[in-house]
Amino acid sequence: MPIDPPADAPTAIADPLLSWFDVHGRHDLPWQHPRTPYRVWVAEIMLQQTQVTTVIDYFNAFMARFPDVYALAEAASDEVMGYWAGLGYYARARNLHAAARELVATHDGVFPRDVETLMTLPGIGRSTAGAVVAQAFGVWAPILDGNAKRVIARLAAVTATPGTAAYEQPLWALAARYTSTHRVTDYTQAIMDLGATLCTRRAPACSACPLEDRCQARRKRITADIPARRKKKARPQRAVTVLVIEDEVGHLLLEKRPPSGIWGGLWSLPEIAADADIEAACRERFGLDVVPDVPMTPIEHGFTHFLLTIHAWRVRSLAATRIMDGHAEWFARDALPGVPAPIARLVDTPQHDLNL
DNA sequence: AAGCCGGGGGT
DNA sequence: ACCCCAGGCTT
């Protein structure tokens, strides 16, 4: 696969990019003021596969509750997960919490200043480690997030398919080559900003781009073809049944999901196989005698790799509060822990939306 | 090397 | 309806 990097690359890329950044870059993101290692780290984890506009409110709420690495390390897992509910990729929250405890336990709460050590912490890969040291410490390190990938792939006309080694490997080499040896904090922010605001996936604003005359994709008129399209795969359809079980005082039975898999570590409505018998399942899992009440309108939810139809049944619990395993608890409706977004919608469904 | 993990937003 | 997004982990 041909790679065609611009000639005299390092400063020929960094200098015009930095000049553009001074005028058009994003200088008011919450994690930039103050720009502490802890805040940069949390922001970078939240921003993995998640857009800036989505992250901002979560970031501010998270910082208000967990203002430093010690507050995070000391917090209970459920509370951390609760602050993550709705953001997705919940392994990020579990890893963030584990890393905070590791930082306190083995690094005395002080962030390592080098990429290799940071990468030993759970949830921090090469790109996130690079972003943290560059943004928090001004230490030279390449980053390669989705924005930088697209910018560099177009600059050097890398036409390989994303996700393959033919794409990722040259991009890392080029990312290191272009990364400025001065103002590295601004450079890493600049290349992300360029990708996010000008060099967008569709309809890039090439005429406003400070690198237009260096861009090999532009020169070859193949900008729209980079990055190459991934081959689409069919998403299988699955179905589950969840139970809205209320006791006599209106409390809701929730179950903590296993740490890995869909919605890992989050509290959710008890889930049973789509074809399972509701009464038998409740007797076996919770020791509860129940009466299935009414089915609710099914919810369709799309995941990256499959489509899920969620059938929900409202269930009355006859006997009181037996729970046979340690993964289920009763919660008052006004004191629910964080639950996945589709489940939150189900739980909030008013009575008149029942599918009678 | 490829699959898994999610919710939100843009077009 | 489809695509992508401040990726990392697992197999």
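By convention in this document, chain letters (A, B, ...) are assigned in the order of the sequence lines, proteins followed by strands, and residues within each chain are numbered from 1.
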With sequence neighbours excluded, give me every side chain to side chain donor-acceptor pair (under 3.5 Å) pair touching residues 62-72 of chain A.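 For residues 62-72 of chain A: A:Arg65-A:Glu79.
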
Side chain to side chain donor-acceptor pair (under 3.5 Å) contacts in which one or both residues fall within residues 49-59 of chain A, not counting sequence neighbours: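 Those involving residues 49-59 of chain A are A:Thr50-A:Arg92.
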
Any donor-acceptor pair under 3.5 Å from [X] side chain to [Y] backbone:
{"X": "A:Ser127", "Y": "A:Ile143", "result": "no"}
{"X": "A:Ser180", "Y": "A:Arg183", "result": "no"}
{"X": "A:Arg285", "Y": "A:Ala328", "result": "no"}
{"X": "A:Trp84", "Y": "A:Gly88", "result": "yes"}

Considering only NZ, NE, NH1 and NH2 on the basic side and carboxylate oxygens on the acidic side, decide whether A:Glu74 and A:Arg101 come within less than 4.0 Å.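 No, no charged N to carboxylate O under 4.0 Å.
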
Salt-bridge present (A:Arg316, A:Asp247; N to O < 4.0 Å):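 No.
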
Contact list please: residues 16-32 of chain A against DNA chain C, heavy atoms, distance less than 4.0 Å, in numerical order.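 Only A:Arg26, A:Leu29, A:Trp31 qualify.
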
For DNA chain C, which residues in residues 142-150 of chain A have a heavy atom at a distance below 4.0 Å?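 The stretch gives A:Asp145, A:Gly146, A:Asn147, A:Arg150 as the residues lying under 4.0 Å from the strand, ordered by number.
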
Starting from [atom2] on [N], measure out to [atom1] on [X] and report it in whole angstrom.
{"X": "A:His305", "N": "B:dA2", "atom1": "NE2", "atom2": "C1'", "answer": "13 Å"}
{"X": "A:Phe59", "N": "C:dA6", "atom1": "CZ", "atom2": "C1'", "answer": "13 Å"}
{"X": "A:Trp84", "N": "B:dG7", "atom1": "CH2", "atom2": "P", "answer": "14 Å"}
{"X": "A:Glu300", "N": "C:dA1", "atom1": "CD", "atom2": "P", "answer": "11 Å"}
{"X": "A:Arg235", "N": "B:dC5", "atom1": "CZ", "atom2": "P", "answer": "14 Å"}
{"X": "A:Leu308", "N": "B:dC5", "atom1": "CG", "atom2": "P", "answer": "12 Å"}
{"X": "A:Arg92", "N": "C:dC5", "atom1": "CZ", "atom2": "C1'", "answer": "11 Å"}
{"X": "A:Arg229", "N": "C:dA1", "atom1": "CZ", "atom2": "P", "answer": "18 Å"}

Got a sec, which pairs hit ring pair (Phe, Tyr, Trp, His ring centres under 6.0 Å) with one end in residues 26-55 of chain A, sequence neighbours left out?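 Of all non-adjacent pairs touching residues 26-55 of chain A, those that pass ring pair (Phe, Tyr, Trp, His ring centres under 6.0 Å) are A:Phe21-A:His27, A:Trp31-A:Phe59, A:Trp41-A:Phe111.
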
Would [X] and [Y] count as having a side-chain donor-acceptor pair, cut-off 3.5 Å?
{"X": "A:Thr117", "Y": "A:Asp114", "value": "yes"}
{"X": "A:Glu44", "Y": "A:Thr128", "value": "no"}
{"X": "A:Ser317", "Y": "A:Glu248", "value": "no"}

At under 4.0 Å between heavy atoms, what does [X] touch on the DNA or RNA strands: base, sugar-phosphate, or nothing?
{"X": "A:Tyr89", "result": "base"}
{"X": "A:Ala203", "result": "nothing"}
{"X": "A:Gly261", "result": "sugar-phosphate"}

On DNA chain B, check which nucleotide each of A:Gly163 and A:Ile262 is closest to and give me the residue with the more 5' one.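 The residue mapped nearer the 5' terminus is A:Gly163.
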
Residue whose nearest DNA chain B nucleotide is more 5′ - A:Thr50 or A:Thr164: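 Here A:Thr164 is the residue nearer the 5' end.
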
Determine the interatomic distance between [atom1] on [N] and the same-named atom on [M]; round to the nearest Å.
{"N": "B:dG8", "M": "C:dC9", "atom1": "P", "answer": "24 Å"}
{"N": "B:dG9", "M": "C:dG8", "atom1": "P", "answer": "23 Å"}
{"N": "C:dT10", "M": "B:dG7", "atom1": "C1'", "answer": "22 Å"}
{"N": "C:dA6", "M": "B:dG3", "atom1": "P", "answer": "23 Å"}

Between the protein and nucleotides 8-11 of chain B, which nitrogen or oxygen pairs come in under 3.5 angstrom?
residue, atom, partner, partner atom, Å
B:dG8, N2, A:Gln51, NE2, 2.9

Which heavy atom of A:Leu346 sits nearest to which heavy atom of A:Leu269, and what is that distance?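 Looking at all heavy atoms of both residues, the shortest contact is CD1-CD1, 4.3 Å.
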
Identify the heavy atoms of A:Ile45 and A:Ile124 that sit nearest to each other, and give their distance.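 Reported closest heavy-atom pair: CD1-CG1, 4.4 Å.
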
Tell me which pairs pass salt bridge (charged side-chain N to carboxylate O under 4.0 Å, His left out) where either residue lies in residues 262-273 of chain A, with sequence neighbours left out.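 Sorted pair list: A:Arg257-A:Glu271.
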
Write out all pairs satisfying salt bridge (charged side-chain N to carboxylate O under 4.0 Å, His left out) with one or both partners inside residues 129-157 of chain A, taking only residues at least two apart or from two chains.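 Applying salt bridge (charged side-chain N to carboxylate O under 4.0 Å, His left out) to every pair that reaches into residues 129-157 of chain A, excluding sequence neighbours, yields A:Lys149-A:Glu168.
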
Are there any protein N/O atoms within less than 3.5 Å of an N/O atom in nucleotides 8-11 of chain C, and if so, which ones and at what distance?
residue, atom, partner, partner atom, Å
C:dG8, OP1, A:Gly125, N, 2.9
C:dG8, OP1, A:Gly125, O, 3.4
C:dG8, OP1, A:Thr128, N, 2.9
C:dG8, OP1, A:Thr128, OG1, 2.6
C:dC9, OP1, A:Gly123, N, 2.8

Measuring from the side chain of A:Ala165 (C-beta onward, heavy atoms only), which nucleotide among C:dC4, B:dG6, B:dA1 has the closest atom?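 The answer is B:dA1, which lies nearest to the side chain.
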
Intra- and inter-strand pairs of DNA chain B in dot-bracket (Watson-Crick or G-U wobble, both distances under 3.5 Å; | for another strand): |||||.|||||

Linked, directly or transitively: A:Val184 and A:Ile191 (ILVMFWY side chains, under 4.5 Å):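 As far as the 4.5 Å side-chain criterion goes, A:Ile191 and A:Val184 are not connected within one cluster.
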
Among residues 185-200 of chain A, which ones have heavy-atom contacts with DNA chain B below 4.0 Å?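 Nucleic-acid contacts, sorted: none.
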
May I ask you to check if A:Arg238 and A:Phe306 form a cation-pi contact, with NZ or CZ under 6.0 angstrom from the six-membered ring centre and within 45° of the axis?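 Cation-pi check for A:Arg238 and A:Phe306: passes.
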
Test question: given the 4.5 Å side-chain rule for I, L, V, M, F, W and Y, name all other residues clustered with A:Ile222, or answer none.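 Grouped by the 4.5 Å side-chain rule, A:Ile226 form the rest of the cluster around A:Ile222.
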
For the rings on A:Trp140 and A:Tyr187, is their centre-to-centre separation under 6.0 Å?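 No, the ring centres sit 6.0 Å or more apart.
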
